[in-house]
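Worth knowing before you read on, the calculation uses all heavy atoms, side chains too, and leaves out hydrogens, waters and symmetry mates. For reference, positions follow the sequence shown, starting with 1.
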Amino acid sequence: MRAAVMGANDGILSVAGIVIGVAGATTNNFAIFISGISGMLAGTVSMAMGEWVSVNTQKDSQKNAINHQKVAIKETYNEEFNFVSNKLQSSGIAPELANQATKEMMEKDPLQTTVRQRYGFNVNEFTNPFSAALASMISFPLGSILPLVAITQFAPDIRIIATAISVIIALSITGFSAAKLGNSNKSRGVIRNVVSGILTMIVTFAIGRLIGRM
């Protein structure tokens, strides 16, 4: 879901920047359309490959952490026990209760316990890099369709502002969705996403207009 939402968000933002920039330089519909399609295709491949590499790197790091903890449990069990207990105490649990909870967890599954407390993930729960890449590969072009259709279908005298409004609405939705998935502040996520989108469109339009006058 994270990869899908971020892929759609990048598709909206990237292609909006391209088509509005080109629209600032020319009124030729075909030039605007072909630039948007090129950006969509390039972005789709780039996002999919980037997500695949990123998730694989994260997966390798998690496997290294697990291997490190296997050795640590075997060689320095008491240190690992104390780390977990102290971590629980730092979250507000009373020392005796923290020690008892640590003892029970370490007896049941020391590897799972120490990995979760030290690194924040569960053993054997890895994100599939192919699934993440596929999600990005599908969502990026879907997000790209909105600015591409808007810039080519609206009348020339209103298409830039109409595209900008469409993009702002879409970025509000993806910003809200990303914040909800990440359990972060939704208002801040929406504002940050919309502001970045507006700045991107202003900059690319200004550059396109400047080049178009040369």
Side-chain angles (χ1 to χ4, degrees), residues 1-24 31-63 119-122 124-154 159-160 162-205 207-208:
M1 286 300 296
R2 181 195 64 83
V5 170
M6 296 311 297
N9 190 77
D10 287 348
I12 295 165
L13 195 55
S14 299
V15 174
I18 291 171
V19 295
I20 286 181
V22 176
I32 296 170
F33 177 76
I34 202 67
S35 65
I37 287 293
S38 298
M40 177 193 293
L41 295 175
T44 297
V45 176
S46 175
M47 278 294 297
M49 292 300 99
E51 196 67 36
W52 185 79
V53 170
S54 175
V55 174
N56 264 310
T57 301
Q58 179 184 346
K59 191 175 179 180
D60 290 342
S61 297
Q62 290 175 329
K63 287 182 177 179
Y119 302 102
F121 68 91
N122 293 324
N124 297 323
E125 288 187 9
F126 303 115
T127 302
N128 189 318
F130 294 102
S131 297
L134 182 62
S136 291
M137 191 168 66
I138 294 171
S139 63
F140 188 95
L142 287 177
S144 303
I145 290 172
L146 174 67
L148 187 58
V149 170
I151 202 75
T152 55
Q153 295 304 309
F154 282 106
R159 64 183 171 191
I160 291 177
T163 301
I165 292 171
S166 301
V167 167
I168 288 169
I169 293 171
L171 289 176
S172 298
I173 295 171
T174 55
F176 179 87
S177 301
K180 188 171 183 178
L181 286 172
N183 294 319
S184 58
N185 187 287
K186 297 177 182 63
S187 298
R188 191 177 301 145
V190 170
I191 292 170
R192 183 169 52 233
N193 218 31
V194 169
V195 168
S196 66
I198 291 172
L199 289 175
T200 298
M201 291 185 285
I202 289 173
V203 170
T204 55
F205 177 76
I207 293 172

Note to self: If you define the side chain from C-beta out and look only at heavy atoms, does anything of V19 sit under 4.5 Å from L148?
What the structure shows: yes

Check: Any side-chain heavy atom of I168 within less than 4.5 Å of one from M201?
Finding: yes

Within this structure, what is the [atom1]-[atom2] distance for the pair [X] and [Y], rounded to the nearest 0.5 Å?
| X | Y | atom1 | atom2 | answer |
| --- | --- | --- | --- | --- |
| L142 | M137 | CG | CE | 11.5 Å |
| T200 | I18 | OG1 | CD1 | 11.0 Å |
| I202 | I207 | CD1 | CD1 | 12.0 Å |
| I169 | I173 | CD1 | CD1 | 7.5 Å |

So, using side-chain contact (heavy atoms from CB on, under 4.5 Å) as the criterion, who are the partners of [X] when residues are at least two apart?
| X | result |
| --- | --- |
| D60 | none |
| P129 | W52, V55, N56, K59 |
| N193 | N9, L171, T174, S196 |
| T163 | I20, P147, A150, I151, V167 |

Check: Backbone N or O of V149 within a donor-acceptor pair of the T152 side chain at under 3.5 Å?
Finding: yes

Margin query: Give me each pair satisfying salt bridge (Lys or Arg N to Asp or Glu O under 4.0 Å) with a member in residues 33-51, each pair once, sequence neighbours excluded.
Written below: R2-E51

Show the nearest heavy-atom pair for residues [X] and [Y], with the distance to one decimal.
| X | Y | value |
| --- | --- | --- |
| F140 | M47 | CD1-CG, 3.3 Å |
| P141 | S136 | CD-O, 4.2 Å |
| A133 | A48 | CB-O, 3.4 Å |
| F176 | K186 | CE1-CD, 3.3 Å |
| G143 | I12 | O-CG1, 3.3 Å |
| V15 | S144 | CG2-OG, 3.3 Å |

Next item on the list: Mark yes when over 12 heavy atoms from residues, nucleotides or ligands other than F121 sit less than 6.0 Å from its CZ; otherwise mark no.
Entry: yes

